[in-house]
Amino acid sequence: MASQAQDLVRVLPDEDADERRTPDGLSEETLRNLYETQVLARTFDEKAISLHRQGRIGTYAPMQGQEAAQVGAATALREADILFPTYRDHAMFLTRGLQLAEIVHHLMGRGNYIDRQDPADLRTFPITIPIATQLPHAVGVAMAAAYKGDDAVAMASLGDGATSEGDFHEACNIAGVFDAPTVFFCQNNGYAISVPRERQTASATIAQKADAYGFEGVRVDGNDVLAVYDVVSEAIERARDDGGPTLIEAVTYRRGPHTTTDDPDVYRDEDERADWEDPLERTRAYLEATVDWSEGDERALRERARDRVQAAVEAAAAESDPEPETMFDHVYAADHPRYRQQRRELPEDPYASH
Ligand SMILES: Cc1ncc(C[n+]2csc(CCOP(=O)(O)OP(=O)(O)O)c2C)c(N)n1
Ligand SMILES: [Mg+2]
């Protein structure tokens, strides 16, 4: 299996291949869902960028190009498993069942997207902005689950840039030593803001870093939703069966800017994007060839996605701003004297000065 750290695992055929089949054990419904969620995610992403341009949400990290990696990986999670996402993982959130309106509510700066949903149901941790800090948390939770005899596997999402952080090393090291049931899912999207993958590490691949920690490393085509689904499913099974952690490198491409406040034309060639397949087009071609996906199906799906996104935006926009003192909620499980004091010191109307 160590050789998979160098090879690229693919399942979806090339566009011109004539042999197309539905993979064993994957229902037609799952196949359709894998595409439908990608389209919903893309529709949401485009809307979020436009909301930012209108000044209605804060900075947003687009995921265009990474939908297959995110949807494939999150679909492979079982209900018991626990996701540790990053700020770019909105397609994972949607797959995981987070309400669209809650995501918009969060982006409007009105609370955390999991505040009003039961974390025990979602099995999804809040996003972390400090790069790689979610990785030791994921390993800790995985170890706790193993210790308690729970069936849960922790999957931590990370970027290529995160592999340069000390937290990445510490998390992988301890996960390897203790065989913690963890899957490290790295979306290698080619860049950490403006820093290209070649300047991030001298390793030939990111997946091969797993060798040093004594566990499996797998490199997968991140724009091939079926390959990602397969590889992550296998890694989760292995972790659950006490086979130890896996580091998965999903090779993909960030088609848009790092965030809505970034201009990638400053540091990368515009033509570069043309070298990368659009994962949605690739999945759609496959559905057309295997389950008779029609123009009508496509139109209906896109309309449904637009309606859902629009309804979520309207629902979130209809809410009023939160009470300022709610900023102290959810910081600690129990009340804390310092926060009690800060709450008392809040001005009558903190919005007044703006
Ligand atoms: C500890 C830390 N250092 C620096 C930053 C600033 N920063 C935000 S995103 C980012 C790049 C991360 O790149 P990558 O891990 O490849 O994820 P991507 O943004 O490409 O999804 C950096 C350096 C940060 N948030 N946290
Ligand atoms: Mg990156």
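In each ligand, atom 1 is the first atom listed, and ligand 1 is the first ligand listed.
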Under 4.0 Å to a heavy atom of Asn189 - the qualifying atoms of ligand 1, by number
18 (P), 20 (O), 21 (O)

Check each of Ser157, Gly161, Ala61, Ala132 against atom 14 (P) of ligand 1 and report the one with the nearest heavy atom.
Gly161

Any Thr290 side-chain heavy atom under 4.5 Å of Leu31 side chain
yes

Identify, for atom 12 (C) of ligand 1, the protein heavy atom at the shortest distance, and state residue, atom and that distance.
Tyr87 OH, 3.4 Å

Using a strict 4.0 Å cut-off to heavy atoms of Pro130, name the atoms of ligand 1 that fall inside it.
26 (N)

Angle between ring planes, Tyr339 versus Phe328, binned at 30° and 60°: parallel, tilted or perpendicular?
tilted

Is it true that some N/O/S atom of Gln187, main chain or side chain, lies under 2.8 Å from the Mg ion (ligand 2)?
no

Assess the residue pair Arg10 and Asp221 against the criterion (salt bridge (Lys or Arg N to Asp or Glu O under 4.0 Å)); give the C-alpha distance rounded to whole Å, side-chain angles, the decisive distance to 0.1 Å, and a yes or no.
CA-CA 6 Å; Arg10 296 187 70 162; Asp221 182 341; 3.1 Å; yes

Ligand 1-proximal atoms of Tyr191, by part, heavy-atom distance under 4.0 Å
backbone

Heavy atoms only: which of Gly159, Ala192, Cys186, Ser194 lies closest to atom 13 (O) of ligand 1?
Ala192

Check whether Val313 and Leu98 end up in the same hydrophobic cluster, where Ile, Leu, Val, Met, Phe, Trp and Tyr are linked by side-chain heavy atoms less than 4.5 Å apart.
yes

Ignoring angles and geometry beyond distance, decide whether Ile193 reaches within less than 3.5 Å of ligand 1 through its nitrogen or oxygen atoms.
no

Taking 4.0 Å as the limit for heavy-atom contacts, which would you say applies to Glu165 with ligand 1: side chain only, backbone only, both, or neither?
side chain

Could you state whether Ile206 and Ile248 fall into the same hydrophobic cluster, counting links through intermediate Ile, Leu, Val, Met, Phe, Trp or Tyr residues with side-chain heavy atoms under 4.5 angstrom apart?
no

Between Asp160 and ligand 1, which residue portion shows a heavy-atom distance shorter than 4.0 Å: side chain, backbone, both, or neither?
both

Whether Arg110 and Asp321 form a salt bridge (side-chain N of Lys/Arg under 4.0 Å from carboxylate O of Asp/Glu) is what I want to check.
yes

Counting heavy atoms only, which part of His258 comes closer than 4.0 Å to ligand 1: side chain, backbone, both or neither?
side chain

Answer yes or no as to whether an N/O/S atom of Tyr191 is found below 2.8 Å from the Mg ion (ligand 2).
yes

Applying a strict under-4.5 Å side-chain criterion to I, L, V, M, F, W and Y, I'd like to know whether Ile82 and Leu122 cluster together.
no

With a 4.0 Å cut-off on N to O distance, would you call Arg42 and Glu46 a salt bridge?
no

Are the charged groups of Asp224 and Arg282 less than 4.0 angstrom apart, N to O?
yes

Mind reading off the angle at the Mg ion (ligand 2) between the OD1 atom of Asp160 and the OD1 atom of Asn189, rounded to 10°?
90°

For atom 6 (C) of ligand 1, is the nearest protein heavy atom under 4.0 Å away?
no

Just to confirm my output: which protein heavy-atom neighbour is closest to atom 8 (C) of ligand 1, and how far is it?
Ile131 CD1, 4.0 Å

Short list, please: which atoms of ligand 1 are under 4.0 Å from a heavy atom of Ile129?
24 (C), 25 (N), 26 (N)

Identity and separation of the nearest protein heavy atom to atom 21 (O) of ligand 1:
Arg88 NE, 2.8 Å

Looking at Glu249 and Lys209, is any side-chain nitrogen of the basic one under 4.0 Å from a carboxylate oxygen of the acidic one?
no

Ala162 N/O under 3.5 Å from ligand 1 N/O
yes

Can you tell whether the side chains of Arg284 and Glu288 come within less than 4.0 Å, N to carboxylate O?
yes

